[in-house]
Amino acid sequence: MSQTQVGQTSGTTTFPLTFSLTPSTESRTAVEREEILADPGFGKKFTDHMVAIDWTINKGWHNARVMPYGPLQLDPASSVLHYGQEIFEGLKAYRHSDGSIWTFRPEKNAERLQRSGRRLALPELSVADFIESIRQIIAVDGDWVPSAPETSLYLRPFMIANESFLGVRAAHQVGYYVIASPAGAYFADGVAPIKIWLSTEYSRAGRGGTGAAKCGGNYAASLLPQMQAYDNGCAQVLFLDGETSSRVDELGGMNVFFVHGTDRLVTPRLTGSILEGVTRDSILQLARDRGLTVEERDVTLGEWQDGVASGAITEVFACGTAAVVTPISQLKGPNLSIGNPDAPAGKITMALRQELTDIQYGRLPDRHGWLTRLDTPAAQS
Ligand SMILES: *Cc1c(COP(=O)(O)O)cnc(C)c1O
């Protein structure tokens, strides 16, 4: 068997991995599962199985398996626990009205995991193996994909350095896992605009940092400003760029968009400190399809302030896989308030949200080929 291995970040197996299956002996009954699916919340309940794949610097990826969901055994010296060498992804499985199960642009998540991996000196998993790992979890736990409106099975692939070694270098042993968690409708009582808090004290990313990588460390650094947001009655934090503190970066888990007038959509360009969201990219495409003028460029806090004051900026929203599209009514900060907290969700915001979810749930034709069917053998997708 030939394997290519060039330095730390390779170890890519040339042949697709095959997965073994150890069924859980403690799977929930259909009744127990339906009880959970009736009110799953977000990220609290998990399905009966998980995927695991091992990687070592000598063997590359191997031992791909589907196994009962349960605690990982980690040596206390595992490098992820000390140096935070970790990356993750987030995507959803959607049930269509005919019962079939689909996911949205998984190759984008696979490629982003590879990019995040390069930045965090973690090995690359092939796009095919990533997508197969998603298929494998659906093959055993497909019944966990809920069918109520706007619900889904949230899929969380992640990769950790699990070598027992306290020396500071890229780990020679890594684990990749996929867990799955049923998710209720994010806005159970209808889409409600949120207030967001401007962090003037903290940045989430700096030049040359890990802002474009989906890694746990970025989130760890965002938790304190997130607490300050809550303390100020806001749901999320807005981060400015780390160099000049004048440009709008993102929310730390969602990308930001501005509607100008009725026909222009503006979002911060990808500077290396912004996470390249799959939702962001899809919204840009849907906006172009509608004939909106789309601009990816610098957006300053001043432009936001002046634009809302003059009426040039008519809508602001955030987007990401979990909440899809979230209208923003107000930006608050120390000595700052932009927008009206009682403003309703914008028309273009809601139209884009509706169109995106209609495609994801199979209610509109998949004109861009964004959907991958998960509950069939790969050749039929
Ligand atoms: C995951 C994430 C997003 C949203 O990305 P999607 O692919 O749209 O879910 C935005 N910002 C950060 C920092 C993220 O981690």
Side-chain angles (χ1 to χ4, degrees), residues 1-5 9-30 32-33 45-75 78 80 85-93 100-103 106-107 109-110 113-114 117 122-145 153-164 171-182 372-381:
M1 191 161 134
S2 84
Q3 289 190 343
T4 47
Q5 222 158 76
T9 55
S10 181
T12 314
T13 320
T14 36
F15 295 107
L17 295 162
T18 49
F19 289 73
S20 67
L21 169 63
T22 306
S24 172
T25 55
E26 291 169 22
S27 286
R28 265 67 55 93
T29 65
E32 288 169 330
R33 187 177 62 237
K45 304 286 183 174
F46 299 90
T47 66
D48 294 317
H49 297 86
M50 59 197 262
V51 161
I53 314 176
D54 298 332
W55 180 93
T56 59
I57 196 159
N58 292 322
K59 286 172 81 175
W61 291 108
H62 63 282
N63 195 19
R65 58 206 186 275
V66 181
M67 57 196 278
Y69 183 92
L72 300 175
Q73 271 213 338
L74 285 182
D75 190 285
S78 291
V80 64
Q85 201 187 359
E86 187 267 359
I87 56 175
F88 67 96
E89 271 303 325
L91 66 170
K92 286 173 168 176
S100 58
I101 301 170
W102 302 74
T103 194
E107 59 288 340
N109 298 90
L113 188 74
Q114 293 180 334
L122 283 162
E124 224 170 76
L125 185 70
S126 78
V127 172
D129 288 333
F130 176 92
I131 293 175
E132 183 58 23
S133 72
I134 302 293
R135 284 184 187 286
Q136 290 284 332
I137 194 106
I138 294 299
V140 284
D141 286 339
D143 288 343
W144 285 86
V145 182
L153 183 64
Y154 183 79
L155 304 166
R156 168 54 61 88
F158 63 103
M159 198 186 291
I160 59 171
N162 58 14
E163 182 183 1
S164 311
H172 291 174
Q173 183 183 312
V174 166
Y176 166 84
Y177 308 89
V178 184
I179 55 176
S181 174
T372 293
R373 187 161 179 182
L374 291 176
D375 60 335
T376 54
Q380 290 171 33
S381 71

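Values below: all heavy atoms of this structure, side chains included; hydrogens, waters and symmetry mates excluded.
Counting heavy atoms from C-beta on, the side chains of Glu132 and Leu17 never come closer than 4.5 Å. In this structure, Asp54 and Lys59 have side chains that are not in contact, with every pair of non-hydrogen atoms separated by 4.5 Å or more. At least one side-chain heavy atom of Ile160 sits under 4.5 Å from a side-chain heavy atom of Leu72. Contact annotation: the side chain of Val140 never approaches that of Pro23 to less than 4.5 Å [non-hydrogen atoms, C-beta and beyond]. With a 4.5 Å cut-off on side-chain heavy atoms, Ile87 and Leu113 count as touching. Ile134 places a side-chain heavy atom less than 4.5 Å from the side chain of Leu91. For the pair Arg33 and Pro182, the minimum side-chain heavy-atom distance is 4.5 Å or more.
Nearest heavy atom pair, residue Pro68 against residue Ser24, reads CG-CA, 3.7 Å. Closest heavy-atom contact between Gly142 and Ile101: O-CD1, 3.6 Å. Here the closest heavy-atom approach between residue Phe19 and residue Ser133 is recorded as CZ-CA, 3.9 Å. Of all heavy-atom pairs spanning Ala93 and Val145, the tightest one is O-CG1, 3.6 Å. Of all heavy-atom pairs spanning Asp129 and Pro16, the tightest one is OD1-CA, 3.6 Å. Residue His62 comes nearest to Ile53 through the heavy atom pair O-CG2, 3.5 Å, listed as atom of the first residue, atom of the second, then distance.
Looking at Glu89, its side chain never comes within 3.5 Å of a backbone N or O of Phe158 through a donor-acceptor pair. No donor-acceptor pair under 3.5 Å is formed between the side chain of Arg65 and the backbone N or O of Met50. Panel note: side chain Arg135, backbone Arg373; a donor-acceptor pair is recorded below 3.5 Å. Panel note: side chain Glu163, backbone His172; a donor-acceptor pair is recorded below 3.5 Å. The backbone N or O of Ser78 sits nowhere less than 3.5 Å from a side-chain atom of Ser164 that would complete a donor-acceptor pair. Although no hydrogens or angles enter the test, the distance criterion places no donor-acceptor pair under 3.5 Å between the side chain of His49 and the main chain of Thr47. At distances below 3.5 Å, not a single donor-acceptor pair connects side-chain atoms of Trp55 with backbone N or O atoms of Ala161.
To the nearest 0.5 Å, the span separating OG1 on Thr56 from CD on Gln173 amounts to 7.0 Å. Between atom OG of residue Ser20 and atom CG of residue Asn63 there is a gap of 6.5 Å, rounded to the nearest 0.5 Å. To the nearest 0.5 Å, the span separating CD1 on Ile179 from OH on Tyr69 amounts to 4.5 Å. One distance of note links CG of Leu155 with NZ of Lys92; it measures 10.5 Å at 0.5 Å rounding. Rounding to the nearest 0.5 angstrom, the gap separating the OG1 atom in Thr103 from the CD1 atom in Ile131 is 9.0 Å.
Taking the six-membered ring for Trp and thresholds of 30 and 60 degrees, Tyr176 and Phe130 have ring planes inclined between 30 and 60 degrees apart.
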**Item:** Criterion side-chain contact (heavy atoms from CB on, under 4.5 Å) on Trp144 and Asp48, from CA distance to verdict
**Value:** CA-CA 9 Å; Trp144 285 86; Asp48 294 317; 3.3 Å; yes

**Message:** Applying side-chain contact (heavy atoms from CB on, under 4.5 Å) to Gln85 and Leu122, what does each step give before you reach the verdict?
**Reply:** CA-CA 8 Å; Gln85 201 187 359; Leu122 283 162; 3.7 Å; yes

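With a 6.0 Å radius and a threshold of 12 heavy atoms from other residues, nucleotides or ligands, Glu26 has its CD atom at or below the threshold.
For Trp102, the ring pair (Phe, Tyr, Trp, His ring centres under 6.0 Å) partners at least two apart in sequence or on another chain are His96. With sequence neighbours excluded, the residues satisfying ring pair (Phe, Tyr, Trp, His ring centres under 6.0 Å) with Phe88 are Tyr219.
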